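It should be emphasised that the depicted structure is a prediction, and the values quoted were computed from it without experimental measurement.
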Amino acid sequence: QGQEKEEAEDRLKEHMDNLLDKSTKMRQAALQSLRLAFSSKILSEFLLERRLMLIDSLEKCLKKGKGEEQALAGTVLTLLCLQMGSGPEGEELFHSLKPLLISVLTDSTASPGARQSCAMALGMCCYIAAADLE
């Protein structure tokens, strides 16, 4: 079981590294794999150590990506926020990406799927991790 866990963590690390790949298809595949992993297992300890790198990678996907990539990044961001929870780590995640989510959400040239995904991420992360009631 220990070796299985280690192999799964190695795959997750590889997917996280692939978020910075030049190929759009590779980044999208990595986002899809992370979406599946984050929605099927509790990985908060593993993600706690890597959250800053992951936040940075998701920020790049939201800024530079288009359509499907932005939509997937929003979904992964929502799941990451769920994994981080309502503590300081979740709040840090929410505050660092909130302006970017609002930017994509209000961008009339962004795809409807990307805007919808960013709206969902903004709402869920706000509900989970925003300490400020406003």
Side-chain angles (χ1 to χ4, degrees):
Q1 187 178 4
Q3 188 170 348
E4 264 183 42
K5 182 179 178 184
E6 197 173 302
E7 288 173 7
E9 287 181 357
D10 287 343
R11 282 193 305 273
L12 282 172
K13 288 176 193 174
E14 186 179 325
H15 297 315
M16 288 180 199
D17 289 341
N18 287 344
L19 289 177
L20 300 173
D21 198 272
K22 289 185 179 190
S23 164
T24 303
K25 287 186 187 246
M26 183 73 87
R27 290 192 308 269
Q28 287 179 353
L31 286 165
Q32 288 172 342
S33 297
L34 290 174
R35 181 186 68 198
L36 288 172
F38 292 1
S39 61
S40 62
K41 288 185 181 172
I42 296 174
L43 302 163
S44 46
E45 284 184 36
F46 173 81
L47 294 172
L48 199 57
E49 302 168 8
R50 294 160 183 83
R51 73 183 185 282
L52 296 177
M53 185 274 254
L54 197 50
I55 290 169
D56 186 52
S57 298
L58 289 172
E59 183 177 343
K60 287 177 181 161
C61 288
L62 285 168
K63 276 184 183 176
K64 297 178 180 177
K66 299 286 180 225
E68 181 70 17
E69 183 178 353
Q70 287 178 315
L72 284 167
T75 302
V76 171
L77 176 59
T78 302
L79 294 168
L80 178 61
C81 192
L82 282 166
Q83 292 273 351
M84 292 291 103
S86 61
E89 294 83 12
E91 192 174 342
E92 173 190 29
L93 169 71
F94 173 64
H95 285 295
S96 64
L97 290 175
K98 178 184 169 188
L100 185 55
L101 289 171
I102 291 171
S103 172
V104 174
L105 178 61
T106 57
D107 180 3
S108 61
T109 63
S111 78
R115 293 173 73 186
Q116 182 270 333
S117 181
C118 288
M120 178 67 81
L122 185 64
M124 287 297 292
C125 292
C126 182
Y127 179 74
I128 293 165
D132 185 9
L133 291 177
E134 290 181 35

Check your understanding: With the threshold set at 4.0 Å, does a side-chain nitrogen-carboxylate oxygen contact exist between K63 and E59?
Key ->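 Judged by the 4.0 Å cut-off on N to carboxylate O distance, K63 and E59 do form a salt bridge.
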
Check your understanding: With a distance cut-off below 6.0 Å to the six-membered ring centre and an angular limit of 45° from the axis, does R35 pair with F38 as a cation-pi contact?
Key ->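 Judged by the rule (NZ or CZ under 6.0 Å from the ring centre, within 45° of its axis), R35 is not positioned above F38.
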
Check your understanding: Taking the side chain from Q70 and the backbone from L62, do they hold a donor-acceptor pair closer than 3.5 Å?
Key ->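 The answer is yes, because a donor-acceptor pair under 3.5 Å joins these two groups.
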
Check your understanding: Hey, does the side chain of S117 reach the backbone of A114 with a donor-acceptor pair shorter than 3.5 angstrom?
Key ->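 A pair under 3.5 Å: no.
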
Exercise for review: Give a yes or no on this: more than 12 heavy atoms of other residues, nucleotides or ligands lie within 6.0 Å of atom CD of E7.
Suggested key: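 Yes, the 6.0 Å shell around CD holds more than 12 heavy atoms from other groups.
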
Check your understanding: Above 12 or not: heavy atoms from other molecules or residues under 6.0 Å from CE of M120?
Key ->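 Atom CE in M120 is not packed in, count stays at 12 or less.
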
For the atom pair [atom1] ([X]) and [atom2] ([Y]), what is the distance rounded to the nearest 0.5 Å?
X: M53; Y: K13; atom1: CE; atom2: NZ; answer: 10.0 Å
X: I42; Y: L82; atom1: CD1; atom2: CG; answer: 10.5 Å
X: L54; Y: L12; atom1: CG; atom2: CG; answer: 9.5 Å
X: T75; Y: L58; atom1: OG1; atom2: CG; answer: 10.5 Å
X: L43; Y: R50; atom1: CG; atom2: CZ; answer: 10.0 Å
X: Y127; Y: S86; atom1: OH; atom2: OG; answer: 10.5 Å

Heavy-atom distance under 4.5 Å between the side chains of [X] and [Y], does that happen here?
X: L19; Y: L34; answer: yes
X: K41; Y: F46; answer: no
X: E92; Y: R51; answer: yes
X: K60; Y: L20; answer: yes

Heavy-atom pair of closest approach, residues [X] and [Y]:
X: A121; Y: G74; answer: CB-O, 3.5 Å
X: C125; Y: T78; answer: SG-CA, 4.4 Å
X: S111; Y: G67; answer: OG-CA, 3.4 Å
X: M84; Y: S44; answer: CE-O, 4.0 Å
X: F94; Y: A129; answer: CB-CB, 4.1 Å

Exercise for review: Quickly, which of L52, L47, L48 forms a side-chain contact (heavy atoms from CB on, under 4.5 Å) with E89? Name it, please.
Suggested key: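 That would be L48.
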
Exercise for review: Could you note down all residue pairs passing side chain to side chain donor-acceptor pair (under 3.5 Å) where residues 16-28 supplies at least one of them, sequence neighbours left out?
Suggested key: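 As it turns out, the side chain to side chain donor-acceptor pair (under 3.5 Å) pairs with a partner in residues 16-28, which skip direct neighbours, are T24-R27, R27-E69.
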
Check your understanding: Are I102 and L77 connected in a single hydrophobic cluster, I mean Ile/Leu/Val/Met/Phe/Trp/Tyr linked by side-chain heavy atoms less than 4.5 Å apart?
Key ->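 Yes; tracing contacts between hydrophobic side chains, which count when under 4.5 Å, links both residues.
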
